[in-house]
Student: 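My questions all concern the structure below.
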2 protein chains.
Amino acid sequence: MEIDTHYINQIEIIINIFTIANGKIKILLFRRDEDPFKGYWMLPSNLLMTSETIEECANDTIYEFSGLKDMHLFQCDVMSKIDRLPNDRILANSLIGILDEETITLKREKRKITSEWFDIDTIPKTVYDHNDIIENAIKMLKNKIKNNELLNIFYPSDFTLPELQLVYEQVFNKKLDRRNFRKKMINLKIVEDTGDKNIGKNGRPPKLYRFTNKEQNFLDI
Amino acid sequence: MEIDTHYINQIEIIINIFTIANGKIKILLFRRDEDPFKGYWMLPSNLLMTSETIEECANDTIYEFSGLKDMHLFQCDVMSKIDRLPNDRILANSLIGILDEETITLKREKRKITSEWFDIDTIPKTVYDHNDIIENAIKMLKNKIKNNELLNIFYPSDFTLPELQLVYEQVFNKKLDRRNFRKKMINLKIVEDTGDKNIGKNGRPPKLYRFTNKEQNFLDI
DNA sequence: ACAAAAGTGTTTTTTTTACACCCATGT
DNA sequence: ACATGGGTGTAAAAAAAACACTTTTGT
């Protein structure tokens, strides 16, 4: 195999890892501890090797940064501005990874790199163009949730309706009526009662629901 | 700049060009006239050069294949399976390009490569994994139309409601009632009457409409 | 005058909205 | 017993669906 050097490209795979905790959508960022951009936050990333697929690279990268595995992954965006990094010409392929909270709780182990989950409405300063990448990923994530494509991955088991309502309120950016929200989710058969309750917290224990396996339902004409 | 050869990648930029003609959504394919895959159809593509952005590469490729320019372009997908091509390891980045029919009609010039517009429900056999790429692009295109994100680019000037209805019928894959469709489009202020009519065809001349500049409206909760 | 295609209105059904009190648990 | 948060129903308004005849043009 011979390659014309005009066509040599380096590509970094960058992953936006989201989870939902107590109804708040969060993204996992890592602190950079060397200059330039020391103290800034960053998305996990690695250069793609010739011998691996993007999914393999993404999974390895996530594992290396966080110890987490087997995330639901999908394509998000590609950035190719020549000057997106100051010195090298490196393309960026950003992915979205979805983690359910249970998995995170189980795998909470100590890593060398400082990491933190940030609410998606309070993203800190990040290195290079990572703020643009994050902004774009949040947009795609919200759109997918609006189209009922993703919440069953955030919640593989059960959840309460008040928590789910918080998620929708963030995505649609408006307050929803508790009774109407409930009716809608149940009547449209998006969720179903598991019969269990979430005991242990303050106040009346909420019922637990699960997603039915209905296909995504788009805005119908 | 030094590059570790493990991180050398070749990327081809592949463009799915869509237009709408008489209410039918179409994609532009080119005939391959050399083996392997002689006689099969293909999407226009080119290897990305180190010195250009993806958008530059895509625009040049489109122009080289079709003579068309200044298309609305956006990211679609990235394929990285090691064996997607038989001999080389080349990544594919597929984009979607939107053309309005008027522009096409104006630029209809003769090119050396045989090209043809195919209805999106009768895609012919294509080279390599282009059928997968097209299928994916059609899915994304339909989703965007469902979310009212794209039709104003397909129709920069005016159009008739019967034609628009055909588009929605393809996207939602069901027949719509003429009166209800009309009421909805007009009442939701998605379209507005231009005052003109489309004379010259058989039957009563349809009124011409244009899109209002309302922001996209998603399925609301 | 006939064929072709587009335009139009009303009624019924469904969905959405608005709104306030009671219930189950922990302290 | 009180504080906390969760659950529930009904009526009014809005939106969607069902449905058939008339109008304008070309031939």
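In what follows, chains are A, B, ... by sequence order, proteins preceding strands, each numbered from 1.
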Student: Could you check which of D/dT25, D/dT4, D/dG7 has an atom nearest any side-chain atom of A/R182?
Tutor: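 Nucleotide nearest to A/R182's side chain: D/dG7.
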Student: Please enumerate all protein N or O atoms sitting under 3.5 Å from an N or O of nucleotides 9-15 of chain C, with distances to 0.1 Å.
Tutor:
| from | atom 1 | to | atom 2 | distance (Å) |
| --- | --- | --- | --- | --- |
| C/dT10 | O4 | B/K183 | NZ | 2.8 |

Student: Using a heavy-atom distance cut-off of less than 4.0 Å, which residues of residues 192-201 of chain B contact DNA chain D?
Tutor: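 Within this stretch, B/K201 sit under 4.0 Å of the strand.
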Student: The criterion is side-chain hydrogen bond (donor to acceptor under 3.5 Å, both in side chains); which residues satisfy it with A/T122, sequence neighbours excluded?
Tutor: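 With neighbours one apart ignored, the set is empty.
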Student: Send over the distance from B/R178 CZ to D/dC21 C1', rounded to a whole Å.
Tutor: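 Taking CZ of B/R178 and C1' of D/dC21, I get 11 Å after rounding.
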Student: If the condition is salt bridge (Lys or Arg N to Asp or Glu O under 4.0 Å), which residues does A/R84 pass it with, not counting sequence neighbours?
Tutor: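 A/E12, A/D129.
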Student: Would you please confirm or rule out a distance under 4.0 Å between OP1 or OP2 of C/dT25 and any side-chain N or O of A/K207?
Tutor: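 No, no such contact exists.
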Student: Could you list the residues that satisfy salt bridge (Lys or Arg N to Asp or Glu O under 4.0 Å) with B/R210, not counting sequence neighbours?
Tutor: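 B/R210: salt bridge (Lys or Arg N to Asp or Glu O under 4.0 Å) contacts with B/E192.
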Student: Could you verify whether a donor N or O on one side chain and an acceptor N or O on the other, from A/Q170 and A/D121, lie under 3.5 Å apart?
Tutor: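 Note: A/Q170 and A/D121 side chains miss the donor-acceptor criterion.
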Student: My understanding is that only residues two or more places apart in sequence, or in another chain, count here; which of them pass salt bridge (Lys or Arg N to Asp or Glu O under 4.0 Å) with B/K201?
Tutor: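 Result, salt bridge (Lys or Arg N to Asp or Glu O under 4.0 Å) vs B/K201: none returned.
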Student: Among residues at least two apart in sequence or on other chains, which ones pass side-chain contact (heavy atoms from CB on, under 4.5 Å) with A/K144?
Tutor: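 Partners of A/K144 by the side-chain contact (heavy atoms from CB on, under 4.5 Å) criterion, ordered by chain and then number, come out as A/F74, A/M140, A/E149, A/L150.
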Student: Going by side-chain contact (heavy atoms from CB on, under 4.5 Å), name the residues that satisfy it together with A/K183, two or more places apart in sequence or in a different chain.
Tutor: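 For A/K183 the side-chain contact (heavy atoms from CB on, under 4.5 Å) partners, ignoring immediate neighbours, are A/N180, A/N187.
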Student: Residues two or more places apart in sequence or in another chain: which of them pass side-chain contact (heavy atoms from CB on, under 4.5 Å) with A/E169?
Tutor: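 A/Q165, A/L166, A/K175, A/L176.
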